[in-house]
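Presented below is the structure to which this report refers.
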Amino acid sequence: MIRFVFRRLLQTLPVLFVIVTATFFMVRFVPGGPFTAEKAVPPEIMRNLEAHYGMDKPLWQQYLDYLGKVLRGDLGPSFKYSNRTVNEIIGDKLPVSLELGGLALGVALLIGLPLGVLAAVRRNTWLDYSCGMVGMAGICVPTFVLGPLLVLFFAIHLGWFNASGWYGPADRVLPATVLGFVYAAYIMRLTRGGMLEVLNQDFIRTARAKGASEARIIFRHALRGGLLPVVAFLGPGIAGILTGSFVIETIFQIPGLGREFVNSAFNRDYTLVLGTVILYASLIVICNLIVDVLQVWLNPRLKFE
Amino acid sequence: MLKLLLWPTALLALLATSACGRKEPAANPGEGPAPRILLYGNGAEPQDLDPQTVTGVPENKLINAFFEGLVSYGNEETDTVGGVAERWDISPDGLTYTFHLRANAKWSNGDPVTATDFVRSYQRILTPEIAAEYAYKFYAVVGAEDFQKGTLKDFSRVGFRAIDERTLEVRLKHRVPYLLEAMKHYAWFPVHIPTVGKHGGLAKRGTAWTREENIVGNGPFVLKSWRPNQKIVATRSPTYWDRATVKLDEIHFFPTENLETEERMFRTGQLHKTYELPAAKIDVYQRDFPESYRSDPYYGSYFFRFNVTRKPLNDVRVRRALSLAIDRESLVKNVVRGGMVAAYGLTPPSTKFTARARLTGDVAEARRLLAEAGYPEGRGFPRIELLYNTHENHRRVCEALQEMWRQNLGIEVGLLNQEWKVYIRSMDVLDYDMARGGWIGDYYDPNSFYDTFITGGGNNRTGWSNARYDQLLRDTGTAPDETARMELYQQMEEIIVQDLPVMPVYFYRKIFALSPKVYWPANPMDNQNWKFVRFKE
């Protein structure tokens, strides 16, 4: 397994290199730069600004300089937030995104797994149909609708929570619920499907014939195989939760990295765009690797190759 | 099996109920006299707190709390009151200003604020390596532009001089009758040189001197904490010379980029004042929460630029026809709303200047002009595009204009939406036909508007040039008195209204939600002197 992990990690290096190179040149070719502003700046002052950030050098040299810095672990200064570095910004924001993503994942699993199992075990009953409706709602109702609705009810009407912010534990409840709800719907449907497939197999019938209890059949025999589609989904799912929380972070005014990532593109904050792209690409690679390892563990028919 | 449903539900409920009631920002929405904490929606997260390198509006609000210049905003609209300077003299030729500094003006570390601090601060902002975007605001000072461009190395030859520790002299190349107004801008504020020097030096941009543990200011408040993208806490300065006037104990600045979120924050008591109000909420507030609705005058114009280098907009008759064929009154009443004022000229009215010239004419006149230009009833009129940056309000205005032109002139105008920086770039290189634009005065003087349309000016962005206009603008620097200067602006407005490099649409108002508990003096520059803001008794 160690060789497998090591080989996969080595394979990620050229992937990251291509991503960084493509992003570096793509952001430079977008019209407008970091200092493009409504109130025009005289050309000589603009030249000073460009010189300060090394943008007066040829593009290839800027690229090589940047690569050199990245290899040393320095993602450079932010163009927008002039007294802060990209390393600092990511260091501030990533824990927030991880916390939000972790809580949302918890919510998604807490809702999705039991409902999925329940729907599969009680298939074609009112319970199954109810779970299906919840799943459909989670997939169909966008977060930018659900978020404000929950704020209106729980924050404005009931006064239980702040409308936005990331200050105390209470501020985690609504955003984690909204973000988690969407993924709960997917997890529920996948769990249901996976469980139904396993429950129809011969070894389950054999277990029943031997007199195993229903709980033992579900938790001991069926669940492990039934979770395989969920685990396969969790790789891109976790990456999606971590990188795709821009809308939630905007609605709830959360100082996470998703919002910074999108804003940095609008601000043409070249170094911050690159820094977040490198980070997200690495996260996606790592999440997928963990999922691959988990799948082998859950399914003995798979091997580390 | 139902147990499977129960335990996650119970956990969620536990998380929810255990967390309830701990609402940090709303802990003190200003109920009592102490502590008096103003909760303020400040738009975007600030770039920095260095008055000499930042450029934005949210930064402006913060810097006005932490720093103070020679002169400052008063309590009543556009008053100019002494800041660090208790008084000033202006030489008869208007070229030399002598500021007399207060003996009790202090930095937050207890150091006195001296004339040398100002001179060295101005040296810093003009140092090319700092790359200060607002360094050009000093170009009227003797030698400042040369020093900034590097052609003058000796700063002692620049027109700033500390006559003694409490007397500062500023010498100008030419008269700048609005200098005191311009000096209210934070680019003119001093910085604490020893602190700046300790953290990277005077010639280095973006250092750590503005961090909460380092910063030293001279304003009515000091920085207590700065949690990026969450909250900046300003607390009353114990060393500020006029601390008796300061009524707030703290100001909590919240970055609130999303207007809908900000409005919800206001409704839950997380904010006393919003940065703005979403257009969709204007009617709701006017009807349901009139006590929280504010619409204040704002010194700005909303217009559309014509690219006068392109056909058919290089023909003034076409520009005039397009300008006359729209119903501004209907537009501000039904589309823009919020009390915006229909504009028939470039410059918003102010206490010192109201333009005489005015765009006059009607739809019949517009049709006649279009026919005269070779497009009777719009026939043969080439398709032009209306460029606007991504914003719901701009889109609605553009759609309304499109429809008005279709109905009144029989012409089709396309809409082109671009993201902000792409849109600015398109205007910079004149890659558009007509483009939405706007201008908020940098200082409370009509010059701030007329200055933008000088030939080749970076903010002109229309390709328009008028030699007489340029000459009149230069003449304002030598006008013998204010009456004569304002008369020159009247003539410039006539040229603008005649030549129409832009199509005026409306004059802005600032619309926001404000807690009825807060006394918030109206200011057309939307620049508060924080020491006058207070909770009502």
Side-chain angles (χ1 to χ4, degrees), chain A residues 30-33 35-45 48-49 51-52 77 80-84 89 92-93 107 110-111 114-115 117-118 121-122 127 148 151-152 155-156 159-173 177 250-253 255 259-260 263 266-268, chain B residues 1 4-5 7-8 11-12 15-16 18-26 45 47-48 50 53-55 128-133 135-136 148-149 205-208 210-211 227-230 254-258 260-261 264-265 267-268 270 419-422 424-426 428 442 457-459 461:
Chain A
V30 175
F35 315 118
T36 306
E38 184 158 30
K39 293 193 174 169
V41 173
E44 61 276 7
I45 294 177
N48 292 336
L49 269 171
H52 176 78
K80 165 84 175 174
Y81 306 108
S82 55
N83 71 341
R84 307 181 67 212
I89 293 172
D92 274 354
K93 307 283 169 78
V107 169
L110 282 176
I111 297 174
L115 287 188
V117 172
L118 190 66
V121 172
R122 301 285 171 90
L127 266 172
V151 170
L152 280 175
I156 295 177
W160 288 4
F161 304 106
N162 284 321
S164 78
W166 195 253
Y167 309 102
D171 298 317
R172 274 71 171 164
V173 175
T177 305
T250 304
I251 291 171
F252 291 98
Q253 206 76 43
R259 199 151 62 107
E260 207 61 73
N263 286 341
F266 285 124
N267 293 329
R268 308 290 191 273
Chain B
M1 199 51 63
L4 280 172
L5 266 179
W7 62 267
L11 268 175
L12 278 177
L15 180 62
S18 67
C20 290
R22 279 179 275 174
K23 302 197 295 180
E24 186 197 330
E45 169 72 11
Q47 309 159 41
D48 193 356
D50 184 339
T53 58
V54 301
T55 54
E129 290 78 16
I130 288 291
E133 286 164 82
Y136 69 86
Q148 203 280 325
K149 289 179 175 173
R205 183 187 171 95
T207 67
T210 49
R211 303 283 177 101
R227 294 162 71 187
N229 283 100
Q230 293 217 58
F254 293 89
T256 49
E257 281 170 15
N258 185 287
E260 278 76 20
T261 301
R264 288 193 289 268
M265 289 172 74
R267 286 172 66 184
T268 52
Q270 276 183 273
E419 180 267 338
W420 174 250
K421 297 240 177 188
V422 181
I424 297 281
R425 175 79 186 147
S426 296
D428 278 344
D442 284 337
N459 294 308
R461 291 172 170 145

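Each chain gets a letter, A, B and so on, in the order the sequences are listed, and its residues count up from 1.
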Kindly determine whether A/Gln253 and B/Thr256 satisfy side chain to side chain donor-acceptor pair (under 3.5 Å), including the steps that lead there. CA-CA 7 Å; A/Gln253 206 76 43; B/Thr256 49; over 6 Å; no
Honestly, the part of A/Pro77 sitting under 4.5 Å from a heavy atom of chain B is neither
Counting only non-hydrogen atoms closer than 4.5 Å, does A/Asn267 touch chain B with its backbone (N, CA, C, O), its side chain (CB onward), both, or neither? backbone
Here the gap from A/Ser82 atom OG to A/His52 atom NE2, rounded to the nearest 0.5 Å, amounts to 7.5 Å
Taking all heavy atoms of B/Lys421 and all of A/Thr36, pick out the closest pair and write down the distance. NZ-O, 3.3 Å
So which heavy atom on A/Ile251 is nearest to which on A/Pro148, and how close? CD1-CD, 4.0 Å
When rounded to the nearest 0.5 angstrom, what is the spacing between CG in A/Asn263 and NZ in A/Lys80? 8.5 Å
From the list A/Ala40, A/Gly32, A/Pro43, the residue making the most non-hydrogen contacts under 4.5 Å with chain B is A/Ala40
Closest-packed option against chain B by number of heavy-atom pairs under 4.5 Å, given A/Val30, A/Leu152, A/Ile156, A/Val151: A/Ile156
Counting heavy-atom pairs under 4.5 Å to chain A, which of B/Glu45, B/Arg425, B/Arg205 comes out on top? B/Arg205
Chain A interface, residue from B/Thr53, B/Asp50, B/Ile424 that has the most non-hydrogen pairs under 4.5 Å: B/Ile424
Which atoms of B/Glu133 approach chain A - backbone, side chain, both or neither, heavy atom under 4.5 Å: both
From the list B/Ala135, B/Gly457, B/Pro228, the residue making the most non-hydrogen contacts under 4.5 Å with chain A is B/Pro228
Quiz question: by atom type and distance under 3.5 Å, do the side chains of A/Thr250 and B/Asn258 form a donor-acceptor pair? no
Counting only non-hydrogen atoms closer than 4.5 Å, does A/Arg259 touch chain B with its backbone (N, CA, C, O), its side chain (CB onward), both, or neither? side chain
Minimum heavy-atom separation for B/Asn229 to A/Pro255, with atom names? CB-CB, 3.6 Å
Using non-hydrogen atoms only, which part of A/Glu38 is less than 4.5 Å away from chain B: side chain, backbone, both, or neither? both
Option in A/Ala37, A/Pro42, A/Gly33, A/Ala163 with maximal non-hydrogen atom pairs under 4.5 Å from chain B: A/Ala163
Cut-off 4.5 Å, heavy atoms of chain A, and the answer for B/Ala208 is neither
Spacing of CG belonging to A/Asn162 relative to CZ belonging to A/Phe252, to within rounding of 0.5 Å: 11.5 Å
How far apart are the closest heavy atoms of B/Arg227 and A/Trp166, and which atoms are they? NH2-O, 4.1 Å
For chain A, the option from B/Arg264, B/Gln148, B/Lys149 that forms the most heavy-atom pairs under 4.5 Å: B/Arg264
